[in-house]
Amino acid sequence: MSAARYAVIGNPVAHSKSPAIHEAFARETAQNLSYERICAPIESFVASVDAFFEAGGAGLNVTLPFKLAALRYTQNVSERAVRAGAANTLRRDADGVFADNTDGVGLVRDLARLAGAGAPPLRAARVLIAGAGGASRGIIGPLLDAGVARIAIVNRTRATAQALVLQFQNPSVELSAHEYGAAWGESFDIILHATPASLFDARVPLHDDLISEAKLVYDLAYGRGTASDSTEILRHARALGVAHTCDGLGMLVEQAAESFFLWRNIRPQSAPVLAALRAAQAHV
Ligand code: NAP
């Protein structure tokens with residue numbers, strides 16, 4: 001039987017780790033599949049996806065800048081993708097194309113792994129999110145489902161954070177929107193950094209006292225080095241004495257594992273794949 005065909009579609013996609021992750025999952029679970037990169041022209045997402053599925057493709061991971069377009073590609077959409085306002089996974093089956101979003105569950109699973117190693121659990125945690133873009137929108141619903149006690153969103157443009165507060169308002173969890181320069185009369189257990197600043201070796205201007213009082217600083221981005229110091233905000237948090245710091249490589253692997261499950265109905269083990277990526281990351 002010919003291999004089922006999967007791909008990551010984005011622009012750019014040359015540096016995507018998704019092929020390595022899914023090929024490792026396929027080896028581990030003995031699934032006969034191929035996984036490629038598709039760099040779609042910015043204006044031709046729909047035509048590129050149509051062509052992939054018409055040629056027999058079975059599923060796609062969708063990355064920047066197409067996650068909103070992926071949600072609009074089909075009427076058959078999961079509740080969590082609707083809540084996130086974006087889709088990162090498409091699956092074609094007998095009923096047509098189904099769109100889902102696995103980013104939030106990927107983060108929650110990686111945070112559970114860290115809690116197993118002594119970091120604060122999400123249940124009853126006071127969480128500060130820096131950034132109000134696509135990633136933040138994807139994680140707030142799953143954080144609420146995981147039982148957090150409080151979410152504050154701090155963003156360069158406060159109005160964008162406020163829009164998320166309104167979208168996700170919840171009777172049992174206080175959500176609020178802030179600017180970086182705001183006066184803070186409270187502290188947080190977990191800080192989640194969800195802006196692209198790390199990709200430019202920069203960090204957002206969060207107060208040092210907020211950072212130093214956190215028990216976990218987690219950056220959704222990742223870079224060179226070890227899990228705990230591969231981005232600027234993680235290095236800064238460590239210098240301020242934060243006990244637990246971690247980058248988003250584990251989230252990447254966990255969201256991929258959830259996509260793989262959606263496509264193949266088999267759940268791969270993420271730990272060995274994360275360990276292999278970590279080893280490779282330490283040597284770049
Ligand atoms: P995005 O939609 O482009 O994020 C935009 C947000 O970041 C906005 O809130 C924007 O503020 C803020 N921002 C942008 N540049 C900034 C800067 N220099 N200083 C302060 N704030 C800045 O990106 P995203 O999709 O949310 O992704 C955010 C990060 O999460 C990226 O590093 C991405 O790689 C990472 N991510 C990781 C995973 C994973 O699996 N590990 C998954 C998804 C995303 P304004 O509103 O003021 O413009």
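Order of listing sets the numbers, starting from 1, for every ligand and every atom in it.
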query: Taking only residues at least two apart or on different chains, which pairs with a member in residues 186-205 satisfy ring-ring contact (aromatic ring centres under 6.0 Å, His included)?
result: W184-F188
- prompt: Which atoms of ligand 1 have any heavy atom of G131 under 4.0 Å away?
  reply: 9 (O)
query: Crowded around E186 CD? As in, over 12 foreign heavy atoms under 6.0 Å?
result: yes
task: Start with the C-alpha distance between R278 and D247, add both sets of side-chain angles, then the distance that settles side chain to side chain contact (heavy atoms under 4.5 Å, CB included), and finish with yes or no.
output: CA-CA 11 Å; R278 285 273 178 235; D247 69 16; 2.8 Å; yes
- prompt: N/O of L64 under 3.5 Å from N/O of ligand 1, yes or no?
  reply: no
task: Consider only side-chain N and O atoms of Y218 and D110, and report whether a donor and an acceptor are under 3.5 Å apart.
output: yes
message: Against ligand 1, does A194 come closer than 4.0 Å with any heavy atom?
response: yes
query: Would you say the side-chain atoms of N101 and T89 include a donor-acceptor pair closer than 3.5 Å?
result: no
- prompt: In terms of side-chain geometry, is the basic nitrogen of E254 or R113 positioned less than 4.0 Å from the acidic oxygen of its partner?
  reply: no
query: Between CG of N155 and OG1 of T160, what distance do you get to the nearest 0.5 Å?
result: 5.5 Å
message: Taking the basic N atoms (NZ, or NE/NH1/NH2) and the acidic carboxylate oxygens, is any pair closer than 4.0 Å for D189 and K215?
response: yes
- prompt: Restricting to pairs with a member in residues 54-113, which pass ring-ring contact (aromatic ring centres under 6.0 Å, His included), not counting sequence neighbours?
  reply: F45-F66
field: Residue, atom name and distance, where the atom is the protein heavy atom closest to atom 16 (C) of ligand 1
entry: R156 NH1, 3.3 Å
query: Should you measure from each heavy atom of L252, which atoms of ligand 1 turn up under 4.0 Å away?
result: 40 (O), 41 (N)
- prompt: For ligand 1, which atoms sit closer than 4.0 Å to a heavy atom of T160?
  reply: 46 (O)
- prompt: Which protein heavy atom lies closest to atom 34 (O) of ligand 1, and at what distance to 0.1 Å?
  reply: L199 CD1, 4.2 Å
statement: atom 42 (C) of ligand 1 has as its nearest protein heavy atom M251 CE, 3.7 Å
- prompt: When you measure from atom 37 (C) of ligand 1 to every protein heavy atom, which one gives the shortest distance, and what is it?
  reply: L220 O, 3.2 Å
CG on L192 to CG on L143, rounded to 0.5 Å: 6.0 Å
statement: Ranking E254, K67, K17, R137 by closest non-hydrogen atom to atom 43 (C) of ligand 1, top hit is K67
T157, any N or O under 3.5 Å of ligand 1 N or O: yes
Any N or O of A135 closer than 3.5 Å to N or O of ligand 1: yes
statement: atom 20 (C) of ligand 1: closest protein heavy atom, distance to 0.1 Å, is V204 CG1, 3.6 Å
- line: Note: ligand 1 atoms sitting under 4.0 Å from heavy atoms of A221 are 32 (O)
task: Measure the distances from the heavy atoms of S198 to every atom of ligand 1 and state whether one is below 4.0 angstrom.
output: no
- line: atom 11 (O) of ligand 1 sits nearest the protein heavy atom N155 OD1, 3.2 Å
- prompt: To which protein heavy atom is atom 23 (O) of ligand 1 closest, and what is the distance rounded to 0.1 Å?
  reply: P196 CG, 4.0 Å
field: Electrostatic pair D100-R80, nearest N-O below 4.0 angstrom
entry: yes
query: Of all the non-hydrogen atoms in the protein, which one sits nearest to atom 5 (C) of ligand 1, and at what distance?
result: G133 CA, 3.9 Å
- request: Taking only Lys NZ, Arg NE, NH1 and NH2, and the carboxylate oxygens of Asp or Glu, determine whether R150 and E174 approach each other closer than 4.0 Å.
  value: yes
statement: At under 4.0 Å between heavy atoms, what of T195 touches ligand 1? The answer is both
